[in-house]
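One structure follows; several queries about it will come next.
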Amino acid sequence: MKQKIKIIVLFIFVCGSAFVFTRSGQMQAKQTDGKKTAAEVYKNIQVFKNLPAEQLIKTMEIMSSSLGVNCNFCHVQGDFSKDDKEEKQTAREMILMTVGINKNYFGGRTEVSCATCHGGKPHPASMTPLGENLFRRPNFNQTKDAMPTVDQVLDKYVAALGGAGALAKVKTRTIKGTRAVNDAAPIAEEVFAKSPDKMLVVTSFPQTSVSTAFNGADSWTLGGRGATAVHEDELEQFKRDARFLFQPAKLKEIYKELTVAGVDKINDKEVFVVRAVLPSGARERLYFDKQTGLLVRRFAATPTIIGAYPIQIDYEDYRAVEAVKIPYTTRWSIPGRIWTRKITEVKQNTAIDDAKFNEPKK
Ligand code: HEC
Ligand code: HEC
């Protein structure tokens with residue numbers, strides 16, 4: 001097997017991959033304007049040299065989830081820079097192969113990622129699956145119901161939440177709840193939010209409490225290791241979470257393009273899928289329950305050189321708080337981790353000082 005991989009990698013190199021790497025190297029260099037590269041921050045980087053350093057752990061999480069393994073599948077304890085495991089070296093070859101396939105066959109778009117072949121397993125299947133009678137699937141005359149327009153979907157959503165008028169009257173929210181990470185016991189979490197996009201989340205872990213905030217201009221996160229900047233793409237998600245709290249009636253201002261893409265199912269319920277493009281060009285998908293009109297899922301992905309890093313946010317258990325509805329359960333899923341916030345108490349329109357969202361002075 002090793003031999004085969006070597007040959008494939010060699011093949012890709014011979015077929016112009018030096019060119020691939022100088023070109024993608026330049027592309028990455030543009031993206032990393034002013035930011036450190038992985039090679040500058042970590043000790044033993046051979047293939048991810050030009051990757052923005054802040055993406056290194058994301059690519060590690062993509063690789064782990066794509067193969068369904070832990071970090072120690074490729075790494076030895078104590079030092080991630082060591083090359084003691086054959087799997088780590090194979091992974092390097094796989095990274096080069098994946099980048100090469102995309103370059104040579106997909107015009108440089110990351111269509112193929114580790115997950116395409118591995119699908120959650122270390123050893124991809126090379127045999128076609130058996131069992132399902134695919135030839136009798138009745139999908140020739142799929143009824144093509146007329147799709148609603150974006151405006152119809154958005155209007156129904158806003159109406160289901162209580163209407164634009166009622167939503168506009170909510171200027172602040174103080175939320176108490178719990179956060180559960182994977183199977184761990186829930187811990188306390190508080191959210192302070194002010195229209196249109198100021199938000200402070202305080203999570204009380206057993207050893208330390210972590211605060212993350214956006215004050216309309218700047219963001220910060222403060223935990224056991226002191227204050228740090230929030231990564232750009234995480235900040236984007238944080239801001240979006242905040243704006244979704246207050247501006248569900250203004251999705252057309254948040255996104256520059258919205259299109260109804262089709263119907264799908266989430267937990268056996270039919271949903272309308274809306275493709276959404278942000279002013280930055282980043283794409284998301286919004287899923288609205290066909291029956292209730294409520295937003296049940298938001299999906300976003302950050303591109304990396306080996307494929308997209310996905311984040312999925314599920315909204316459940318909508319309940320009325322005075323004249324509007326909010327989801328009492330929100331679940332964030334990223335590769336290898338899921339955390340859930342369950343609200344226990346919400347107060348609306350209590351005064352919150354703007355200073356609360358500013359980074360505390362040292
Ligand atoms: C499928 C194999 C694989 C898995 C799983 C994996 N890694 Fe890696 N990791 C690599 C490879 C390959 C490199 C070196 C990349 C390069 O040479 O550019 C690396 C490098 C690193 C580095 C940089 C070390 C240094 O100083 O040079 C860190 C940190 C790291 N991994 C952390 C993790 C963490 C945390 C996880 C689990 C979430 C993880 N890795 C899972 C293959 C893996
Ligand atoms: C085009 C398909 C394809 C893609 C894309 C792909 N792999 Fe693989 N990978 C394979 C095949 C096939 C094997 C050999 C499996 C076996 O030996 O059973 C393999 C083996 C591996 C192994 C060795 C497993 C072991 O137990 O020794 C690692 C590690 C690995 N891949 C990591 C990755 C990573 C990380 C990515 C993404 C950067 C990736 N692969 C992308 C097809 C692929």
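All ligand and atom numbering here is 1-based and tracks the order in the structure. Heavy-atom basis, side chains included; hydrogens, waters and symmetry copies ignored.
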Nearest-contact summary for atom 17 (O) of ligand 1 - protein heavy atom, Å: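 The protein heavy atom lying closest is Arg92 NE, 2.6 Å.
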
Show your working on side-chain hydrogen bond (donor to acceptor under 3.5 Å, both in side chains) between Asn44 and Asp83 and close with a plain yes or no. CA-CA 9 Å; Asn44 180 16; Asp83 284 345; 3.0 Å; yes

Would Thr98 count as a contact of ligand 2 if the rule is a heavy atom under 4.0 Å away?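 Flag set, Thr98 near ligand 2.
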
Evaluation steps, ring-ring contact (aromatic ring centres under 6.0 Å, His included), between Phe288 and Tyr157: CA-CA 8 Å; Phe288 296 89; Tyr157 170 48; 5.1 Å; yes

Should you measure from each heavy atom of Glu87, which atoms of ligand 2 turn up under 4.0 Å away?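 Result: 29 (C).
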
Test of understanding: given a 4.0 Å heavy-atom threshold, classify the contact between Leu67 and ligand 2 as side chain, backbone, both, or neither.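 The part of Leu67 near ligand 2 is the side chain, not the backbone.
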
Ignoring angles and geometry beyond distance, decide whether Glu61 reaches within less than 3.5 Å of ligand 1 through its nitrogen or oxygen atoms.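 N/O-N/O distance below 3.5 Å does not exist for this pair.
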
Side chains of Ile101 and Val99, heavy atoms from C-beta outward: is any pair under 4.5 Å?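 Sidechains of Val99 and Ile101: no contact.
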
Which of the numbered atoms in ligand 1 are under 4.0 angstrom from any heavy atom belonging to Leu56?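 Listed by number with element, the hits are 22 (C), 23 (C), 28 (C).
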
Quick one: do Asp79 and Ser81 satisfy side-chain hydrogen bond (donor to acceptor under 3.5 Å, both in side chains)? Show the steps, please. CA-CA 5 Å; Asp79 188 351; Ser81 72; 2.7 Å; yes

Can you check whether Lys176 reaches Ile343 side chain to side chain, under 4.5 Å on heavy atoms?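 Sidechains of Ile343 and Lys176: no contact.
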
So Leu200 and Lys356, do their side chains get closer than 4.5 Å, heavy atoms only?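 Lys356 vs Leu200: side chains touch.
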
Quick check on Lys88: does its NZ atom have over 12 non-hydrogen neighbours (other residues, nucleotides or ligands) under 6.0 Å away?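 Enclosed.
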
Part of Ile95 with heavy atoms under 4.0 Å of ligand 2, whether side chain, backbone, both or neither: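 Near ligand 2, Ile95 shows its backbone as well as its side chain.
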
How far is atom 16 (C) of ligand 1 from its nearest protein heavy atom, and which residue and atom name does that atom have?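 For atom 16 (C) of ligand 1, the nearest protein heavy atom is Gln46 N, 3.3 Å.
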
Closest non-hydrogen atom pair between Leu286 and Leu258, with its separation: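 So the two residues come closest at CD1-CD2, 4.2 Å.
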
Where's the contact between Met97 and ligand 2, heavy-atom distance under 4.0 Å: side chain, backbone, both or neither?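 Side chain only.
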
Is there a side-chain contact between Val346 and Thr174 (heavy atoms, below 4.5 Å)?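 They are not in side-chain contact.
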
Between the side chain of Asp317 and the main-chain N/O of Thr329, is any donor-acceptor distance below 3.5 Å?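 Flag not set: sc Asp317 to bb Thr329 has no pair under 3.5 Å.
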
To which protein heavy atom is atom 26 (O) of ligand 1 closest, and what is the distance rounded to 0.1 Å?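 Here the nearest protein heavy atom works out to Lys43 N, 2.9 Å.
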
Would you confirm whether Lys256, through its side chain, and Glu253, through its main-chain N or O, come within 3.5 Å as a donor-acceptor pair?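 Not a single qualifying donor-acceptor pair exists.
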
Quick one: which ligand 2 atoms are inside 4.0 Å of a heavy atom on Val112?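 Near Val112, meaning under 4.0 Å from one of its heavy atoms, ligand 2 has 5 (C).
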
Considering the heavy atoms of Phe73, write down every atom of ligand 2 situated less than 4.0 Å from one of them.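 Per the distance check, 26 (O), 29 (C).
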
Please test Glu322 against Gln348 for side-chain hydrogen bond (donor to acceptor under 3.5 Å, both in side chains), starting from the C-alpha separation and ending with a verdict. CA-CA 9 Å; Glu322 292 150 12; Gln348 294 186 147; 3.0 Å; yes

What do you reckon, does Ser81 have a nitrogen or oxygen under 3.5 Å from a nitrogen or oxygen of ligand 1?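 No - when backbone and side-chain N and O of Ser81 are compared with those of ligand 1, no distance drops under 3.5 Å.
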
From atom 37 (C) of ligand 2, work out which of Cys114, Ser126, Ala125, Pro124 has a heavy atom at the shortest distance.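 Comparing heavy atoms across Cys114, Ser126, Ala125, Pro124, the nearest one to atom 37 (C) of ligand 2 lies in Cys114.
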
For the residue pair Pro248 and Leu161, what are the closest heavy atoms and their distance?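 Closest pair (atom of Pro248, atom of Leu161, distance): CB-CD1, 3.5 Å.
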
Minimum distance, heavy atoms only, to atom 24 (C) of ligand 2: which one of Ser64, Pro122, Cys117, Gly100 is it?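 It is Pro122 whose heavy atom sits nearest to atom 24 (C) of ligand 2.
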
Have a look around atom 8 (Fe) of ligand 1 and list protein N/O/S atoms under 2.8 Å, or say none.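 Met60 SD, His75 NE2, with waters left out.
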
Which part of Ser113 is near ligand 2, with near meaning a heavy atom under 4.0 Å away: side chain, backbone, both or neither?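 The answer is the backbone.
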
Starting from the C-alpha separation in whole Å, work towards a yes-or-no answer on side-chain hydrogen bond (donor to acceptor under 3.5 Å, both in side chains) for Glu189 and Thr203. CA-CA 4 Å; Glu189 185 157 83; Thr203 311; 2.5 Å; yes

Considering only non-hydrogen protein atoms, determine which one is nearest to atom 27 (O) of ligand 1 and report residue, atom name and distance to 0.1 Å.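 Protein heavy atom with the smallest distance to atom 27 (O) of ligand 1: Asn44 N, 2.7 Å.
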
